[in-house]
**Student:** 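Pasting a structure below so you can have a look.
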Amino acid sequence: MTEQLCYEDVEPGDAITPLAVTVDRTQMFFFSAATYNGHRIHYDRDWATTVEGYDDVLVQGPLQSALLARALTDWIGGRGRLIRYSVQNRAVAYPGEELTFAGTVTAKRMDDGVGLVDVDIAGRRGDTVLMPGTATVALPRRDGA
């Protein structure tokens, strides 16, 4: 078990611990089932390539968003809270590609006794940004306040 991240532990410029994931077709199938997403672009390769013009089926944008949120919540720990989260899906990802979800602290402030931390976040495939976004998290303070 890792130590809880606290407000005093972070400064602007700090990196969020990256989460690297290679999404496979099985994970995509279960995610589509769980979210009732029956769009053929996520499971029918012939449809995705011949009708839609992609190289393969596409990793769902909401799955990428969930993985990015997981990177954040893994980083903030059990006593941290995700306060605000906003992302945009800007590029496609295919199964079998390594995707990295991470971010950088941009600011921190106290608001009515709560330690808030702003973060620029992104899902990437190599140097390509697939999903940029921003988030605000609340972190516990070391003094317990």
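It should be emphasised that the depicted structure is a prediction, and the values quoted were computed from it without experimental measurement.
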**Student:** Rounded to the nearest 0.5 Å, how far apart are CZ of Arg84 and OG1 of Thr134?
**Tutor:**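 Arg84 CZ to Thr134 OG1: 4.0 Å, rounded to 0.5 Å.
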**Student:** With a 3.5 Å distance limit and no angle check, can you tell me whether Tyr94 reaches the backbone of Tyr54 through a side-chain donor-acceptor pair?
**Tutor:**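 Such a contact is absent between Tyr94 side chain and Tyr54 backbone.
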**Student:** Give every residue pair that meets the salt bridge (charged side-chain N to carboxylate O under 4.0 Å, His left out) criterion with at least one member in residues 32-43, sequence neighbours excluded.
**Tutor:**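 The answer is Arg40-Asp44.
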**Student:** Shortest non-hydrogen contact from Val87 to Ser65?
**Tutor:**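 Result for this residue pair: CG2-OG, 3.7 Å.
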**Student:** Please list all pairs passing the salt bridge (charged side-chain N to carboxylate O under 4.0 Å, His left out) test where one or both residues lie in residues 12-28, with sequence neighbours left out.
**Tutor:** Arg25-Asp56
**Student:** Under a 4.5 Å side-chain heavy-atom rule over Ile, Leu, Val, Met, Phe, Trp and Tyr, are Leu99 and Tyr85 clustered together?
**Tutor:** yes
**Student:** Who are the side-chain hydrogen bond (donor to acceptor under 3.5 Å, both in side chains) partners of Gln27, not counting sequence neighbours?
**Tutor:**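 For Gln27, no residue satisfies side-chain hydrogen bond (donor to acceptor under 3.5 Å, both in side chains) once neighbours in sequence are set aside.
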**Student:** Can you give me the closest heavy-atom contact between Pro140 and Glu8, atom names plus distance?
**Tutor:**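 Here Pro140 and Glu8 meet closest at O-OE1, 4.2 Å.
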**Student:** Compile the donor-acceptor pairs under 3.5 Å between side chains in residues 123-130 and protein atoms, sequence neighbours left out, one pair per line.
**Tutor:**
unit_1 : atom_1 : unit_2 : atom_2 : d
Arg125 : NH1    : Val92  : O      : 2.5
Arg125 : NH1    : Glu97  : OE1    : 3.4

**Student:** Which atom names give the shortest non-hydrogen contact between Asn89 and Gly61, and what distance separates them?
**Tutor:** ND2-CA, 3.5 Å
**Student:** How long is the span from the CD1 atom in Ile41 to the CG atom in Leu58, to the nearest 0.5 Å?
**Tutor:**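 It is 4.5 Å, given to the nearest 0.5 Å.
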**Student:** Inspect the surroundings of CZ in Arg81 and state if more than 12 heavy atoms from other residues, nucleotides or ligands are less than 6.0 Å away.
**Tutor:** no
**Student:** Report yes or no: do Leu5 and Leu19 belong to one cluster of Ile/Leu/Val/Met/Phe/Trp/Tyr joined by side chain heavy-atom distances under 4.5 Å?
**Tutor:** yes
**Student:** Membership question, hydrophobic clusters at under 4.5 Å side-chain separation (ILVMFWY): are Leu72 and Ile83 in the same one?
**Tutor:** no
**Student:** To the nearest 0.5 Å, how far apart are CZ in Arg79 and SG in Cys6?
**Tutor:**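 Taking CZ in Arg79 and SG in Cys6, the distance rounds to 6.0 Å.
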**Student:** Can you tell me how far apart CD (Glu3) and CG (Asp9) are? Round to the nearest 0.5 Å.
**Tutor:**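 Result: 7.0 Å between the selected atoms.
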**Student:** So if you build clusters from Ile, Leu, Val, Met, Phe, Trp, Tyr with side-chain heavy-atom gaps below 4.5 Å, do Val114 and Ile76 land together?
**Tutor:**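 The answer is no; the residues belong to distinct hydrophobic clusters.
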**Student:** Roughly how far, to the nearest 0.5 Å, is the CD atom of Gln60 from the NE2 atom of His42?
**Tutor:**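 Those atoms lie 5.0 Å apart.
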**Student:** With rounding to the nearest 0.5 Å, note down the distance linking CG in Leu68 to CE in Met131.
**Tutor:** 7.5 Å
**Student:** Below 3.5 Å, can you tabulate the donor-acceptor pairs from side chains in residues 100-108 to any protein atom, sequence neighbours excluded?
**Tutor:**
unit_1 : atom_1 : unit_2 : atom_2 : d
Thr106 : OG1    : Asp118 : O      : 3.2
Lys108 : NZ     : Tyr7   : O      : 3.0
Lys108 : NZ     : Val10  : O      : 2.8
Lys108 : NZ     : Glu11  : OE2    : 3.4

**Student:** Indicate yes or no: at least one non-hydrogen side-chain atom of Pro95 is less than 4.5 angstrom from one of Val57.
**Tutor:** yes
**Student:** With sequence neighbours excluded, what pairs up with Thr17 under the side chain to side chain contact (heavy atoms under 4.5 Å, CB included) test?
**Tutor:** Trp75
**Student:** Quick one: closest heavy-atom pair of Gln4 and Gly80, and the distance?
**Tutor:** NE2-N, 3.8 Å
**Student:** Please determine whether residues Leu67 and Leu82 belong to a single hydrophobic cluster, defined as Ile, Leu, Val, Met, Phe, Trp and Tyr linked transitively by side-chain heavy-atom distances below 4.5 Å.
**Tutor:**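 As far as the 4.5 Å side-chain criterion goes, Leu82 and Leu67 are connected within one cluster.
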**Student:** So, Gln64 side chain and Val59 main chain: donor-acceptor pair closer than 3.5 Å or not?
**Tutor:**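 Such a contact is found between Gln64 side chain and Val59 backbone.
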